[in-house]
Engineer: 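Got a structure for you, questions after.
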Amino acid sequence: MTADITGRKVAFLVAPEGVEQIELTEPWKAIENAGAMPELVSTGAGTVQGFNHLDKADTFPVDKVVDDVSADDYDALVLPGGVANPDFLRTKPAAVQFAHAFFAQEKPVAAICHAAWLLAEADVVRGRTLTSFPSLKTDLVNAGAEWVDKEVVVDKGLVTSRGPDDLPSFCAKAVEEIGEGKHRAQARSA
C-alpha cells in the first residue's frame with residue numbers, strides 16, 4: 001500500500017460482540033501501517049468480543065463510546081462485518097447517526113461483509129453502487145442501492161467488499177480512499 005495517511009484519525013465502529021475478528025484486525029493493521037491512528041468505537045465502554053465466524057475469538061479494548069464522539073473527530077470510518085455486529089449497531093440510533101454523519105461530511109467510509117446493513121439503516125445507500133456479503137443483496141437493493149458481486153467496489157469515497165476473502169483489496173482501497181480525503185459525492189446520499 002503506497003498511500004500515506006499519516007496523522008489521520010480513523011474510527012472503527014463495532015458492537016460489543018459479534019464483529020468478525022479478521023475484518024477488524026486486517027483493516028486496522030493496514031490503516032495503522034499507512035500512518036493513520038485507528039480508534040475502536042463501540043456502544044459501550046470496556047472491551048468488544050471478536051468472533052471467528054460463530055466462535056469467540058479475542059477481545060479488544062474500546063477507545064471511545066459512540067455517544068461521546070462525532071464524525072467531526074475523525075477523517076474516515078471503517079465498518080467491519082460479522083452478522084451480529086451490524087445487526088446490533090443498526091438498532092442503536094447513536095451508531096446509525098454516527099455512520100450517517102460521515103456521508104454528510106463527505107468523509108471516506110469502508111464497509112465489509114454484513115456492515116452494509118448499518119449503511120442501509122443510515123439511509124446512505126440510495127443511488128450508490130456497492131457490494132456486500134451476498135445475503136444482503138435484497139436488503140440493499142430495497143434500500144435503493146445498485147448491488148454488484150465484486151471483490152471490492154469504490155463509489156466516490158465509499159469502499160465495500162463481500163467478506164474475508166476480499167480483505168487484501170478492501171484494505172488497499174480503504175487506505176487509498178482515506179488518502180484522497182473528502183469526496184464531495186459522499187454527501188449526495190446523506
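Heavy-atom basis, side chains included; hydrogens, waters and symmetry copies ignored.
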Engineer: With a cut-off of 3.5 Å and sequence neighbours excluded, list every side-chain donor-acceptor pair involving residues 6-16.
Structural biologist:
| unit_1 | atom_1 | unit_2 | atom_2 | d |
| --- | --- | --- | --- | --- |
| Thr6 | OG1 | Asp4 | OD1 | 2.3 |
| Arg8 | NH1 | Ile178 | O | 2.3 |
| Arg8 | NH1 | Gly179 | O | 3.3 |

Engineer: Which residues end up grouped with Ile112 if you chain together Ile, Leu, Val, Met, Phe, Trp and Tyr wherever their side-chain heavy atoms are less than 4.5 Å apart?
Structural biologist: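 Noted: Ile112 shares its cluster with Ile22, Val152, Val154, Val159, Leu167, Phe170.
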Engineer: Ignoring hydrogens and angles, write down the donor-acceptor pairs under 3.5 Å from the side chains of residues 181-190, residues two or more places apart or on other chains.
Structural biologist:
| unit_1 | atom_1 | unit_2 | atom_2 | d |
| --- | --- | --- | --- | --- |
| His183 | ND1 | Gly181 | O | 2.7 |
| His183 | NE2 | Glu177 | OE1 | 2.8 |
| His183 | NE2 | Glu180 | OE1 | 3.0 |
| Gln186 | OE1 | Arg128 | NH1 | 3.0 |
| Gln186 | OE1 | Arg128 | NH2 | 2.7 |
| Gln186 | NE2 | Lys107 | O | 2.9 |
| Gln186 | NE2 | Gly157 | O | 3.4 |
| Arg188 | NH2 | Asp155 | OD1 | 3.2 |
| Ser189 | OG | Val124 | O | 3.0 |
| Ser189 | OG | Arg128 | NH1 | 2.9 |
| Ser189 | OG | Gln186 | O | 3.4 |

Engineer: With Asp72, which residues qualify under salt bridge (Lys or Arg N to Asp or Glu O under 4.0 Å), at least two apart?
Structural biologist: none
Engineer: If we only count heavy atoms from C-beta on, is the Leu89 to Trp117 side-chain gap below 4.5 Å?
Structural biologist: no
Engineer: The criterion is side chain to side chain donor-acceptor pair (under 3.5 Å); which residues satisfy it with Asp75, sequence neighbours excluded?
Structural biologist: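 Scan of Asp75 (side chain to side chain donor-acceptor pair (under 3.5 Å), adjacent residues dropped) gives none.
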Engineer: What is the minimum heavy-atom distance between Gly18 and Ala84, and which atoms define it?
Structural biologist: CA-CB, 4.0 Å
Engineer: With sequence neighbours left out, write down each residue that passes side chain to side chain donor-acceptor pair (under 3.5 Å) with Thr160, or none if nothing qualifies.
Structural biologist: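 Not a single residue meets the side chain to side chain donor-acceptor pair (under 3.5 Å) criterion with Thr160.
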Engineer: Could you list the residues that satisfy salt bridge (Lys or Arg N to Asp or Glu O under 4.0 Å) with Lys92, not counting sequence neighbours?
Structural biologist: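 For Lys92, no residue satisfies salt bridge (Lys or Arg N to Asp or Glu O under 4.0 Å) once neighbours in sequence are set aside.
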Engineer: Treating Ile, Leu, Val, Met, Phe, Trp and Tyr as nodes and any side-chain heavy-atom pair under 4.5 angstrom as an edge, say whether Val19 and Ile31 lie in one connected cluster.
Structural biologist: yes
Engineer: Would a hydrophobic clustering, with Ile, Leu, Val, Met, Phe, Trp and Tyr connected at side-chain separations under 4.5 Å, put Phe88 with Phe60?
Structural biologist: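 Shared cluster, no.
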Engineer: Could you give all pairs that pass the side chain to side chain donor-acceptor pair (under 3.5 Å) test and reach residues 32-47, with sequence neighbours left out?
Structural biologist: Glu39-Tyr74
Engineer: Got a list of side-chain donor-acceptor pairs under 3.5 Å for residues 49-57, not counting sequence neighbours?
Structural biologist:
| unit_1 | atom_1 | unit_2 | atom_2 | d |
| --- | --- | --- | --- | --- |
| Gln49 | NE2 | Ala57 | O | 3.0 |
| Gln49 | NE2 | Asp58 | O | 3.4 |

Engineer: Honestly curious: do Phe98 and Val65 fall in one hydrophobic cluster under the side-chain, below-4.5 Å linking rule?
Structural biologist: no
Engineer: Look up atom CZ in Arg90 and atom CG in Leu119, then write down how far apart they are to the nearest 0.5 Å.
Structural biologist: 11.5 Å
Engineer: Among all residues two or more places apart in sequence or in another chain, which pass the side chain to side chain donor-acceptor pair (under 3.5 Å) test with Gln97?
Structural biologist: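 If we apply the side chain to side chain donor-acceptor pair (under 3.5 Å) test to Gln97, skipping adjacent residues, there are no hits.
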Engineer: Can you list everything that forms a side chain to side chain donor-acceptor pair (under 3.5 Å) with Lys137? Sequence neighbours excluded, please.
Structural biologist: none
Engineer: What about Met37 and Leu77, same hydrophobic cluster or not, with Ile/Leu/Val/Met/Phe/Trp/Tyr joined at side-chain heavy-atom distances under 4.5 Å?
Structural biologist: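 Met37 and Leu77: separate clusters.
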Engineer: With rounding to the nearest 0.5 angstrom, report the SG to CG distance, Cys113 to Asp166.
Structural biologist: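 One gets 9.0 Å once the value is rounded to the nearest 0.5 Å.
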Engineer: Please give me the minimum heavy-atom distance between Glu151 and Ser169, naming the atom from each residue.
Structural biologist: OE1-OG, 2.7 Å
Engineer: Taking ring pair (Phe, Tyr, Trp, His ring centres under 6.0 Å) as the test, write out the residues that go with Phe133, two or more places apart.
Structural biologist: His114
Engineer: Group every Ile, Leu, Val, Met, Phe, Trp and Tyr by side-chain heavy-atom contacts under 4.5 Å, then state whether Val175 and Trp28 land in the same group.
Structural biologist: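 Cluster IDs for Val175 and Trp28 match.
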Engineer: Among Leu118, Leu79, Val78, exactly one meets side chain to side chain contact (heavy atoms under 4.5 Å, CB included) together with Val109. Which residue is that?
Structural biologist: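 The residue from Leu118, Leu79, Val78 that satisfies side chain to side chain contact (heavy atoms under 4.5 Å, CB included) with Val109 turns out to be Leu79.
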Engineer: Can you tell whether the side chains of Arg162 and Asp165 come within less than 4.0 Å, N to carboxylate O?
Structural biologist: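 Salt bridge absent between Arg162 and Asp165.
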Engineer: Identify the two heavy atoms, one from Pro61 and one from Leu40, that lie closest to each other, and give their separation to 0.1 Å.
Structural biologist: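 What the structure gives for the nearest pair is O-CD2, 3.3 Å.
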Engineer: Check whether any side-chain heavy atom of Asn85 lies under 4.5 Å from a side-chain heavy atom of Val48, and answer yes or no.
Structural biologist: no
